J.: 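Have a look at the structure that comes next, please.
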Amino acid sequence: MRDVAIVGIGVGKFGSLWEKSFRDLAVEASLDAIKDAGVDHIDSMYVGNFSAGTFIEQEHIAPLIADYLGYRLIPSTRVENACASGASAFRMGFIEVASGISDVVLVAGVEKMTDIKTPEAVYSLSLAADREYEGYQGITFPGLFALVAKRHMFEFGTTRKQLSAVAIKNHKNAYRNPKAQFHRLINEEDIENSPMIADPLRLYDCSPITDGAAAVVLMPLDEAKKLSNKRHPLVKVSGIGQANDTIALAQRDSLVGFAATTEAAKKAYKMSGKKIEDIDVAEVHDCFTIAEICAIEDLGFFPKGKGGEAVEAGLTEIGGKIPINPSGGLKGKGHPVGATGVAQIANIVEQLRGEAGENQVKNAKVGLAQNLGGSGATVVVTILEVV
Amino acid sequence: MFTIPRIWREKPQRYRLEASKCSKCGYVMYPPRKVCPKCGSEELTRVTLPETGKILTYTIIRTAPLGFMELSPYAVAIVEFPNGARAMMQIVDTDFDKIEIGKEVKIVFRKLFTEGESGVIMYGPKAIVVED
């Protein structure tokens, strides 16, 4: 297996981007990544996308994006794994380069969610749950994570204030990220006065509906070293792991965390030879505030049940014990579903290159991204390091 | 879209509450499956879910998806049965403040929703909190 480097990144502005189409978003982020890499062609591409079919009534989007990017006869493949579509696509790109099948692979993630009304979008997202045995009971995604939050509060005494601390921190980080959807600081009162979506989760516990795209270019590390473009430190993919779990939340052994996160992380740590203590910065899948608390526990940063206290104590702030979601996370940066996993990886690359602007974590050498799909039925964990 | 064949073929589990029990390890799974997710055995028998279970966790849905908006707000719980099987179901005919983790529920047969275009009504299990 060849070592793989990320040689280019492109992260578009996230938000309600009415002036931009699905194909505009994907092409712009992809062109940025290709230019950043300084390569003159790509051999193959993967596109992470959750549900263009329901959001814009378009399937078969991989050739569409390749076509509009100016590539007609290369392989282009869509990867769908709900909210983990982006990192699942990245993993396929990694495998293709590592195996020697292709030398220059583009991985893009894209979602255009604001062309339909909110109840329709809530419905589209709910299709990532078990349609026959969860969807038909009227469960929503905020509802699924509310079930986890309720149980987490019951077993460990996790508080409203601790959930709020996640949202407050991520809005603070997003405030300093020009690409983020939200540039507004929020406080406990704002959260407690926001509408209840699914008890105990309020509007400000939820990531928003977002348009956006992100892309990265992968190459063999040895080839990347020969690139004339030496503007950035080289970033290597040192480990990647994916794990899946039952589609239905009810069938999981634990309702206070996600076993797939722990398992995917175990695989990524093993491949990279890194330990949890080696991680300097992490982007985790905070689709809801409770999801960030579960993620930092399931990844091993904090003991099970102690995640809420850790966030409240400021241990996950930039400058804290382990900075979590310096980009603003899904909560503050926005969550264009298929783009999210790729954007998280690109954000970690920015951190490791020292290009994260006001949200830069000092001396970040090793970073981790955790992308979760459904109510935890798919998780991909990626570990990156500066070469 | 929930068409008639799609509803019809789910009758055993939705209308008769059939579950599978693994002949090797004893695990009970709802809905029924062809392979035991715990031990991999394909030797499964059909059992019926017990009539009562307890609430493991619950939420009140206040922003509903298409098809459920007229029901909102409504409660959804994960219910665990005495034989270990678990299912997600709505809690009905119960004041929200009476719903608590650990409380016993009784399974009832109710309308789940009406499919918009064809008007096909889909039925299935829901639960009521049993007051002691």
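Excluded from the calculations below are hydrogen atoms, water molecules and symmetry mates; all remaining heavy atoms, backbone and side chain alike, are included. Just so it is clear: chains get the letters A, B, ... in the order the sequence lines come, proteins before strands, and each one is counted from 1. Because the structure is predicted, anything quoted here is derived from the model rather than measured.
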J.: Select one option (side chain, backbone, both, neither) describing which atoms of B:Tyr30 are under 4.5 Å from chain A's heavy atoms.
T.: both

J.: Against the six-membered ring of A:Phe55, is A:Lys112 placed for a cation-pi contact (under 6.0 Å from the centre, within 45° of the normal)?
T.: no

J.: Parallel, tilted or perpendicular: which describes the rings of B:Tyr123 and B:Tyr15, with under 30° parallel and over 60° perpendicular?
T.: perpendicular

J.: Heavy-atom cut-off 4.5 Å, strictly under: side chain, backbone, both or neither for A:Leu201 against chain B?
T.: neither

J.: Can you tell which of A:Pro119, A:Gly138, A:Ala146 has the highest number of heavy-atom pairs within less than 4.5 Å of chain B?
T.: A:Gly138

J.: Of the non-hydrogen atoms in A:Arg202 and A:Ile191, which two are nearest, and what is the gap between them?
T.: CD-O, 3.1 Å

J.: Side chain, backbone, both or neither: which part of B:Met69 has an atom under 4.5 Å from a heavy atom of chain A?
T.: side chain

J.: Please say whether the positively charged group of B:Arg62, taken as NZ for Lys or CZ for Arg, lies over the ring of B:Tyr74, i.e. under 6.0 angstrom from the six-membered ring centre and within 45 degrees of the axis.
T.: no

J.: Measuring only between side-chain heavy atoms, which start at C-beta, is A:Asp130 closer than 4.5 Å to A:Glu132?
T.: yes

J.: So for B:Glu80, is it side chain, backbone, both, or neither that comes closer than 4.5 Å to the heavy atoms of chain A?
T.: neither

J.: Should the heavy atoms of other residues, nucleotides or ligands under 6.0 Å from NZ of A:Lys267 be counted, would the total exceed 12?
T.: yes

J.: Quick check: closest heavy atoms across A:Ile293 and A:Gln162, and the distance to 0.1 Å?
T.: CD1-O, 4.1 Å

J.: Under a 4.5 Å heavy-atom cut-off, does chain B meet the side chain of A:Leu255, its backbone, both or neither?
T.: side chain

J.: Please identify, among A:Ile197, A:Thr118, A:Leu125, A:Ile139, the residue contributing the most non-hydrogen atom pairs under 4.5 Å to chain B.
T.: A:Ile197

J.: Using non-hydrogen atoms only, which part of B:Pro125 is less than 4.5 Å away from chain A: side chain, backbone, both, or neither?
T.: both

J.: Under the 3.5 angstrom rule, does the side chain of B:Ser20 hit a backbone N or O of B:Arg33 as a donor-acceptor pair?
T.: yes

J.: Side chain, backbone, both or neither: which part of A:Arg252 has an atom under 4.5 Å from a heavy atom of chain B?
T.: backbone

J.: Name the region of B:Leu71, side chain, backbone, both or neither, that has any atom closer than 4.5 Å to a heavy atom of chain A.
T.: neither

J.: Please determine, among B:Leu66, B:Val76, B:Val79, the option with the most heavy-atom pairs under 4.5 Å with chain A.
T.: B:Leu66

